[in-house]
Amino acid sequence: MAAVTSLVAENPVVIFSRNINCPMTHTVNSLITGFGANPVLYYLDRMPNRQQIESALAQLGRQQNQPAVFIGQQFIGGPTEREIETQREATGKRR
């Protein structure tokens with residue numbers, strides 16, 4: 001949990017994403033930047049301590065295939081399974 005706490009403490013808005021190609025992360029990032037915030041994105045597939053961070057995020061309730069959003073060092077969650085499925089249907093991508 002210390003690794004996540006450390007990364008989140010450094011920035012007011014943080015998004016942890018499964019990978020750079022995640023369409024839901026793009027959607028969430030666009031939504032947040034639309035409100036004038038500048039989130040920092042961490043792509044788990046590019047982090048050397050990926051398993052440690054994924055484990056910490058899972059303890060907070062993050063589902064593995066969802067981006068995790070932190071605002072003001074508070075975990076606010078991520079999109080629901082239905083929102084993710086809707087995004088997949090819109091882009092023609094399946095699991």
Side-chain angles (χ1 to χ4, degrees):
M1 191 69 95
V4 169
T5 303
S6 165
L7 293 171
V8 169
E10 297 172 6
N11 301 284
V13 182
V14 175
I15 301 171
F16 289 93
S17 176
R18 185 175 179 182
N19 62 55
I20 197 166
N21 297 318
C22 175
M24 190 53 72
T25 299
H26 175 75
T27 301
V28 169
N29 185 42
S30 294
L31 175 68
I32 292 172
T33 57
F35 285 107
N38 189 19
V40 172
L41 287 126
Y42 291 106
Y43 298 104
L44 297 175
D45 64 335
R46 296 179 174 192
M47 299 180 80
N49 57 343
R50 175 185 185 159
Q51 290 179 330
Q52 178 186 13
I53 292 174
E54 283 182 334
S55 176
L57 293 172
Q59 290 175 15
L60 294 171
R62 174 191 173 259
Q63 300 298 313
Q64 186 175 12
N65 61 345
Q66 299 176 359
V69 180
F70 290 80
I71 297 177
Q73 300 181 17
Q74 297 293 315
F75 176 63
I76 63 159
T80 65
E81 271 302 314
R82 182 65 200 134
E83 290 165 332
I84 291 170
E85 189 60 33
T86 299
Q87 179 71 20
R88 286 189 187 116
E89 290 169 3
T91 60
K93 295 180 180 179
R94 301 305 281 168
R95 289 181 192 207

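These numbers were taken from a predicted model, which means no experiment stands behind them.
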Q: Take M47 and L7 through the test side-chain contact (heavy atoms from CB on, under 4.5 Å) and record every step on the way to the result.
A: CA-CA 12 Å; M47 299 180 80; L7 293 171; 3.7 Å; yes

Donor-acceptor pairs under 3.5 angstrom involving side-chain atoms of residues 28-35: please list them, not counting sequence neighbours.
residue	atom	partner	partner atom	Å
S30	OG	H26	O	3.0
T33	OG1	N29	O	3.0
T33	OG1	S30	O	3.1

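Using a 4.5 Å heavy-atom threshold, the side chains of L44 and N19 count as separate. Residues F70 and V13 fail the side-chain proximity criterion, which asks for heavy atoms closer than 4.5 Å. Residues L41 and I20 have side chains not in contact (no heavy-atom distance under 4.5 Å, counting atoms from C-beta outward).
Taken to the nearest 0.5 Å, the CZ atom of R50 stands 7.0 Å off from the CZ atom of R18. Atom OG of residue S55 and atom CG of residue N49 lie 11.5 Å apart, to the nearest 0.5 angstrom.
With T25 contributing its side chain and N21 its backbone, the two residues share no donor-acceptor pair below 3.5 Å.
Taking the six-membered ring for Trp and the full ring otherwise, the centers of F16 and Y43 sit at least 6.0 Å from each other.
In Q51, the CD atom is not crowded: 12 or fewer heavy atoms of neighbouring residues, nucleotides or ligands sit closer than 6.0 Å.
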